[in-house]
Amino acid sequence: MSEKKLSGISFFERYLTVWVLLCMVGGVLIARFIPAIPDFLSQYEYAEISIPIAILIWVMIYPMMMKVDFKSVKNVSRDRKGLYVTWVVNWLIKPFTMYGISAFFFYVVFSPFISDQLAQDYLAGAVILGAAPCTAMVFVWSHLTRGNPAYTVVQVATNDLIVLFAYTPIVALLLGVTGVSVPWDTLILSIVLFVVIPLVAGLATRVMMVNKKGIDYFEQQFLPKFNQTTTIGLLLTLLIIFSFQGETILANTAHIGLIAVPLIIQTFLIFFIAYYASKKLKLTHDIAAPAGMIGASNFFELSVAVAIALFGVTSPVALAVTVGIIVEVPVMLLLVKIANHTRHWFDD
């Protein structure tokens, strides 16, 4: 994408990091001073998935799904290198680097500050988090990096299929525990809510508008109406998430900082492994950026459900998974900026 187009990013998107930080702080303040709001919203939950947050994620994803052309989806099979990068990084590298980095920090670097038991619990949370690549939010990161929507859909969809049979054995292997079971209701509902429904709705809208008004109207007049929808949905989602997690943040400030260190390092590492591999394979930027984003971000709904099922809602393991939610968005926004500023590395 040309520098001219990049410079055309709106004031709202240009200072997105500022709005994100304000929403994070606002969410914590709501939890502290107006707890009735998160208490009310938390009632609407099914299979560990917040329905209000699910709706907002749907609002974020829908505009991107309208850009998906099934003709482009068919073309993905002609060049699968981007899919290979995603699969190898997410399933053969990411869970094991998460284990190694987290174990080093929790058992060695932070050993003067936390007990062996806490180190074990935080490591378990990190592994549960790191073994599940992102399903929903990656569409937002792909949108912000001007990723190829059709290719991103296929990348996410194939990862969802791999989760079905790879997640449980990987977590069981790394944690050395038995009885790990995937909460199928959470997994299936997440895939339906965050992939199937918005994809069907987006495709239906695209077909209807193109048939009625033509492709030029659809691309030049209809799609621009949704330019800020993804960003607004992201900010409202953060406001709700941080209102839910506000008390946890205020009660565990010091340990949140410790847990965040290996999670942040892991996020950068996985992004750059996938991003660099994509560059070496001569992939275009609109495929390389989402490939890095999918591995770098995580499937929070699944991770939270597994952590709670295995260890309980108030466990240190669940806290470690929660920290992943806290740190991901600011870190991913930084990676979005890096991806956008390194676009010239790729021959688009």
Side-chain angles (χ1 to χ4, degrees), residues 17 20-21 23-29 31-32 38 48 93-134 137 170-171 173-177 238 241-273 295-335 338:
T17 304
V20 164
L21 292 175
C23 286
M24 291 165 64
V25 172
V28 173
L29 292 176
R32 179 68 179 85
E48 305 299 334
I93 298 176
K94 181 182 178 182
F96 305 98
T97 55
M98 175 68 92
Y99 181 91
I101 292 171
S102 299
F104 172 70
F105 276 95
F106 294 143
Y107 283 111
V108 180
V109 178
F110 298 148
S111 59
F113 310 107
I114 60 177
S115 66
D116 287 344
Q117 183 59 53
L118 271 181
Q120 180 178 324
D121 289 340
Y122 291 159
L123 176 60
V127 167
I128 289 171
L129 184 68
C134 188
M137 291 299 290
I170 287 176
V171 171
L173 172 67
L174 292 177
L175 296 186
V177 297
L238 288 176
I241 287 176
F242 277 80
S243 71
F244 285 167
Q245 304 295 341
E247 291 300 327
T248 300
I249 294 170
L250 294 173
N252 300 277
T253 306
H255 279 211
I256 283 174
L258 297 181
I259 297 168
V261 172
L263 298 186
I264 292 173
I265 293 173
Q266 161 78 359
T267 302
F268 277 96
L269 174 65
I270 292 302
F271 172 80
F272 281 109
I273 289 175
S297 51
N298 300 291
F299 192 162
F300 288 117
E301 295 78 16
L302 177 61
S303 303
V304 169
V306 171
I308 291 174
L310 289 177
F311 301 97
V313 68
T314 60
S315 68
V317 179
L319 173 63
V321 173
T322 300
V323 174
I325 303 173
I326 295 170
V327 303
E328 174 161 313
V329 172
V331 174
M332 293 304 297
L333 283 174
L334 179 55
L335 290 177
I338 292 172

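Only a predicted model underlies this, so the values are computations on that prediction, with no experimental measurement involved.
Annotation: F105, atom CZ; neighbour count of heavy atoms from other residues, nucleotides and ligands within 6.0 Å is above 12.
Between L319 atom CG and N252 atom CG the span is 5.0 Å, to the nearest 0.5 Å. From S111, atom OG reaches atom CZ of F104 across 10.0 Å, with rounding to the nearest 0.5 Å. Taking OG1 of T322 as the start and CZ of F244 as the end, the distance is 12.5 Å to the nearest 0.5 Å. Rounded to the nearest 0.5 angstrom, L250 CG and Q245 CD are separated by 11.5 Å.
Closest of all the heavy-atom pairs between F242 and I326 is CZ-O, 3.7 Å. Of all the heavy atoms in P133 and F299, the pair that sits closest is O-CB, 3.2 Å. D121 and V317 get closest at one heavy-atom pair: O-CG2, 3.4 Å. Shown here for A31 and P38, the closest heavy-atom pair between the two residues is CA-CG, 4.4 Å. Residues C23 and L238 approach most closely at CB-CB, 4.3 Å, considering heavy atoms. Residues A131 and I170 approach most closely at CB-CG2, 4.1 Å, considering heavy atoms.
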So S297 and M332, side-chain contact (heavy atoms from CB on, under 4.5 Å) or not? Walk me through it. CA-CA 7 Å; S297 51; M332 293 304 297; 4.0 Å; yes

I would like to know whether I128 and L175 meet side-chain contact (heavy atoms from CB on, under 4.5 Å); could you show each step before the answer? CA-CA 9 Å; I128 289 171; L175 296 186; 4.1 Å; yes

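Every side chain to side chain contact (heavy atoms under 4.5 Å, CB included) that Q120 has, sequence neighbours left out, goes to Y107, Q117.
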Sequence neighbours left out, cut at 3.5 Å: what donor-acceptor pairs do the side chains of residues 254-268 make with other protein atoms?
unit_1: H255; atom_1: ND1; unit_2: Y122; atom_2: OH; d: 2.7
unit_1: Q266; atom_1: OE1; unit_2: T97; atom_2: OG1; d: 3.0
unit_1: Q266; atom_1: OE1; unit_2: M98; atom_2: N; d: 3.3
unit_1: Q266; atom_1: NE2; unit_2: K94; atom_2: O; d: 3.1
unit_1: Q266; atom_1: NE2; unit_2: T97; atom_2: OG1; d: 3.4
unit_1: T267; atom_1: OG1; unit_2: L263; atom_2: O; d: 2.8

